[in-house]
Amino acid sequence: MSNQQLIPLSVPNIAGNEWKYVKDCLDTGWISSVGAYVTQFEQMVAQFAGAKYGVATVNGTAALHISLLLSGVRPDDYVILPNLTFVASANSIKYLGAEPILIDADPDYWQMDLDLLEEFLENETDEKNGDLIYIQDGRRIAAIMPVHILGNMCDMDRFASIVSKYPLPVVEDATEALGTRYKGKHAGTFSPLGCFSFNGNKIISTGGGGVIVTDDEGLAKKAKHITNTAKASADEYYHDEVGYNYRLVNILAAVGVAQMELLPSFIKRKKEAVALYKKELTGVADIRFQKESPDVETNGWLFTIQTRHQQKLLDHLNANKILSRRFWMPMNKLPMYKDCPYIQKRDNADLIYNTCLSIPCSTSITDEQLEIVAKEVKLALS
Ligand SMILES: *Cc1c(COP(=O)(O)O)cnc(C)c1O
């Protein structure tokens, strides 16, 4: 028996003041790149994350691009990145003419494998004139970008202690991790610059958008400046460098303000969904869940299960109008990144790609729909 209604994977939930605030923009004519909602949205995100400053951007990719630029990444540099991530992380590196060094995922948390990272830094890098160098080809490694995959985090204390031994600026891709905390400290605030995304599938959405958070006033000003066409005069079109038009428009920021008001209820709902799925699916066939450290409180962004019967499960859920999704294809399998250095022993990223499936967990999902999904997962694997 097929369900009548399609159950989407993770869709926006427009449930609060979105209409009201957007109408305000339309009524007043403040629809474009300047406006009170932009400032308010920046402040709300920064405050929620416990950072001093927020700079809104047109999307999360732009936030990453500018954060790397401000961290000093230059053409021909390398940036260390997990192999298992969404392509935007790698693209933001390529936009600067730099290239990723890919690190495999750990098999339990699915984040960057810290054992591999530590070994790599110890054995395959050298320091020259204050720069970190990849011994194999002599190129500079300018930064590292941890990605908080699925809104989870690695052992950030260990990460910090590994990285602090090297001249290696950190830019956090926290695009999936709004609402995630490690020992009470919010994702995106473990580095000078942290990035969030408000794309349609994220925990809150502005349609498209991003925010860079930082505690450094100088970096915040630079980020604002360069995402704003580098306009250096209030009353003249004087621009002092090649800037970007990476601004988030007021209409979208208005949606963001309304979504931020809803964020606590969304996180609560994600957690309820995770709890229900875990209760229903623990011990079913060979299902494994993404491991969570007791130090990490995740936002439950995208519930994902691991099974050797991925294809069978995918087919069964599709036939029942339940949308599920594989992980992104690992970066080393994409034509643009296949020749990048890939640090791995067992290629866990490939295994995770071939065994994991995200299942529906929109914040608007009903308990009944969660039960249907759990029931069909069990049926598929029994
Ligand atoms: C969503 C996402 C981004 C940014 O995506 P945008 O669509 O540009 O906002 C970057 N990295 C990861 C891991 C993501 O999931």
Side-chain angles (χ1 to χ4, degrees), residues 9-12 41-42 45 54-69 79-96 100 102-103 105 109-112 143-154 170-180 187-188 190-191 193-213 223 227 244-249 252-253 255-256 259-260 266 270 290 298-304 325-334 336-337 349 352-353 356 358 361-362:
L9 181 66
S10 180
V11 289
F41 183 53
E42 290 174 335
V45 174
V55 175
T57 56
V58 66
N59 54 48
T61 313
L64 293 169
H65 176 194
I66 294 305
S67 296
L68 288 174
L69 178 71
V79 175
I80 299 174
L81 183 77
N83 186 32
L84 188 70
T85 184
F86 177 58
V87 72
S89 325
N91 287 348
S92 70
I93 296 166
K94 271 279 190 191
Y95 294 166
L96 290 161
L102 303 166
I103 308 268
Y109 299 88
W110 312 340
Q111 314 291 311
M112 186 190 288
I144 181 166
M145 182 184 282
V147 184
H148 305 310
I149 303 291
L150 300 181
N152 199 337
M153 286 173 98
C154 66
V170 183
V171 170
E172 276 175 273
D173 181 338
T175 49
E176 303 180 354
L178 187 67
T180 295
F190 289 81
S191 51
L193 295 155
C195 301
F196 296 105
S197 163
F198 307 101
N199 187 41
N201 62 354
K202 300 299 201 279
I203 192 160
I204 65 160
S205 181
T206 56
V211 163
I212 301 169
V213 293
T227 54
Y244 296 83
N245 181 3
Y246 274 178
R247 296 170 292 205
L248 184 72
V249 296
L252 298 184
V255 175
Q259 290 272 290
M260 280 305 291
F266 286 179
K270 289 277 189 191
Q290 185 185 30
T298 80
N299 64 356
W301 171 55
L302 196 60
F303 192 77
T304 302
R325 198 191 68 178
R326 283 199 166 94
F327 253 103
W328 324 280
M329 200 174 282
M331 294 304 101
N332 75 312
K333 295 195 188 319
L334 305 181
M336 316 76 86
Y337 301 113
I352 292 165
Y353 171 67
C356 285
S358 303
C361 52
S362 304

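Each ligand, and each atom within it, is numbered from 1 in the order the structure gives. No experiment lies behind these values; they were computed from the predicted model shown.
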Heavy atom of the protein closest to atom 9 (O) of ligand 1 (residue, atom name, distance): S197 OG, 2.6 Å
Distance-only donor-acceptor check, side chains N152 and T298, under 3.5 Å: no
Y353: ring pair (Phe, Tyr, Trp, His ring centres under 6.0 Å) partners, not counting sequence neighbours: none
Ring-ring centroid check F198 F41, cutoff 6.0 Å: yes
Nearest-option assignment for atom 10 (C) of ligand 1, heavy atoms, candidates T57, T175, L84: T175
Polar atom proximity, W301 to ligand 1 (N or O, under 3.5 Å): no
T57 side chain near R247 side chain, heavy-atom distance below 4.5 Å: no
Under 3.5 Å: N/O of T85 near N/O of ligand 1: no
Any N or O of E176 closer than 3.5 Å to N or O of ligand 1: yes
Polar side-chain atom of S205 near backbone of N199 as donor-acceptor pair, under 3.5 Å: yes
Any N/O pair D173/ligand 1 closer than 3.5 Å: yes
Closest approach of any protein heavy atom to atom 2 (C) of ligand 1, naming residue and atom: K202 NZ, 2.9 Å
Numbered atoms and elements of ligand 1 in range of N59, under 4.0 angstrom, heavy atoms: 8 (O), 9 (O)
Donor-acceptor contact below 3.5 Å, side chain T227 vs main chain A223: yes
Distance-only donor-acceptor check, side chains S197 and T175, under 3.5 Å: no
Ligand 1 contact by G210, heavy-atom criterion under 4.0 angstrom: no
Nearest-contact summary for atom 8 (O) of ligand 1 - protein heavy atom, Å: T61 OG1, 2.4 Å
Exam field: side chain Y246 to backbone I66, donor-acceptor pair closer than 3.5 Å: no
G60, any N or O under 3.5 Å of ligand 1 N or O: yes
Atoms of ligand 1 close to S89 [distance to a heavy atom under 4.0 angstrom, numbered from 1]: 11 (N), 13 (C)
For V147, atoms of ligand 1 separated by under 4.0 Å from a heavy atom: 13 (C)
Pair E172, H148: side-chain N/O donor-acceptor within cut-off below 3.5 Å: yes
